[in-house]
Amino acid sequence: MNPNPTAPIGFFDSGIGGLSVWRAVAALLPRENTVYFADSANCPYGNKPIDEIIALALRHTRALLDAGCKLIVVACNTATAGAIDTLRATLPEVPFVGMEPAVKPASLHSRTGVVGVLATEGTFHGRLYRETCARFARETTVLMCVADDFVSLVERGETSGERAEQIVRQRVEPLLDAGADYLVLGCTHFPFLAPLIRKIAAGRAEVLDPAPAVARQVERLLRRRGLLNPSDDAPSHLFRSSRPTPAFRAKVAELSGKLD
Ligand code: DGL
């Protein structure tokens with residue numbers, strides 16, 4: 001791990017999704033350099049066996065460390081659920097920040113006592129999800145919705161239009177009908193569908209994206225370790241992909257970065 005405060009923050013995800021986390025970190029910490037890796041060639045991660053997720057997560061982490069990163073953001077709920085314990089145990093000197101489904105704030109604020117979580121199968125099977133529910137949502141009914149088809153929509157760049165709305169509606173309506181007044185986005189791809197989800201849930205449920213909280217955790221960890229970038233130079237942002245898709249290129253261009 002690179003101990004230099006000017007070193008970049010590394011991010012990885014199965015594809016475009018982690019850019020929703022990158023966006024929040026870049027907004028909160030505009031001086032930081034970043035390297036983002038999208039494993040589009042292996043997307044989706046959502047229903048892969050845990051051994052495969054661990055092997056992929058270790059490989060991407062090592063590549064980001066070789067690229068000189070000072071901290072790794074596991075910008076993928078599925079990879080966090082499956083691999084973050086192994087990453088931390090294997091590379092104890094590396095600061096990691098993972099994704100946590102926002103079940104705690106959702107159940108704290110829910111008036112109906114019902115919250116909906118949209119995520120992948122792998123995330124629901126993880127220890128973190130089970131423990132978060134057991135600790136913070138004991139009094140809450142937590143409805144789980146596996147929404148793997150949302151990942152495909154985002155990877156295709158299809159985040160609006162009639163077909164996307166129909167697919168999102170099919171998943172979201174049953175949660176609203178069951179009384180959910182908070183919808184938790186438990187997969188980093190889903191914030192790119194948030195405008196559609198908010199439109200469908202308008203007046204019935206709030207939509208929670210954990211990315212801003214994750215960005216604050218990145219800041220806390222960097223500050224604690226004296227790793228915040230003090231430089232006033234314009235930051236460098238590198239975006240890599242194991243298979244750069246048109247939708248990935250378009251999203252990177254929209255976020256005004258450079259493809260490496
Ligand atoms: N973006 C990822 C997540 O947060 C993975 C989605 C997938 O590849 O299935 O879970």
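Start at 1 and go down the list; that is how both ligands and their atoms are numbered.
In summary, the side chains of Ser14 and Asp39 do not present any donor paired with an acceptor at a separation below 3.5 Å, with no hydrogens or angles considered. Side-chain contact of Asn33 with Ser236: a donor-acceptor pair under 3.5 Å is absent, judged by distance alone. For the residue pair Thr6 / Asn4, a side-chain donor-acceptor distance below 3.5 Å is found, with atom types taken as modelled.
Distance from atom 1 (N) of ligand 1 to its nearest protein heavy atom, with residue and atom name: His189 ND1, 2.7 Å. For atom 7 (C) of ligand 1, the closest non-hydrogen atom of the protein is Tyr45 N, 3.3 Å. Of the protein's non-hydrogen atoms, the one nearest atom 10 (O) of ligand 1 is Thr78 OG1, 2.6 Å. In terms of protein heavy atoms, atom 4 (O) of ligand 1 is closest to Asn77 N, 2.7 Å.
For ligand 1, the atoms sitting less than 4.0 Å from at least one non-hydrogen atom of Ser14 are 5 (C), 6 (C), 7 (C), 8 (O), numbered in the order shown with element in parentheses. Those atoms of ligand 1 with a heavy atom of Gly46 less than 4.0 angstrom away are 7 (C), 8 (O), 9 (O).
Partner of Cys43 under the side-chain contact (heavy atoms from CB on, under 4.5 Å) criterion, chosen from Ile16, Val151, Asp13: Val151.
When heavy-atom distances to ligand 1 are checked against a 4.0 Å cut-off, Asp13 comes that close only through its side chain, counted from C-beta outward.
Rounding to the nearest 0.5 Å gives a distance of 6.5 Å between CG of Asp149 and CG of Leu153.
Between Ile200 and Glu165 the shortest heavy-atom distance is CD1-O, 4.0 Å.
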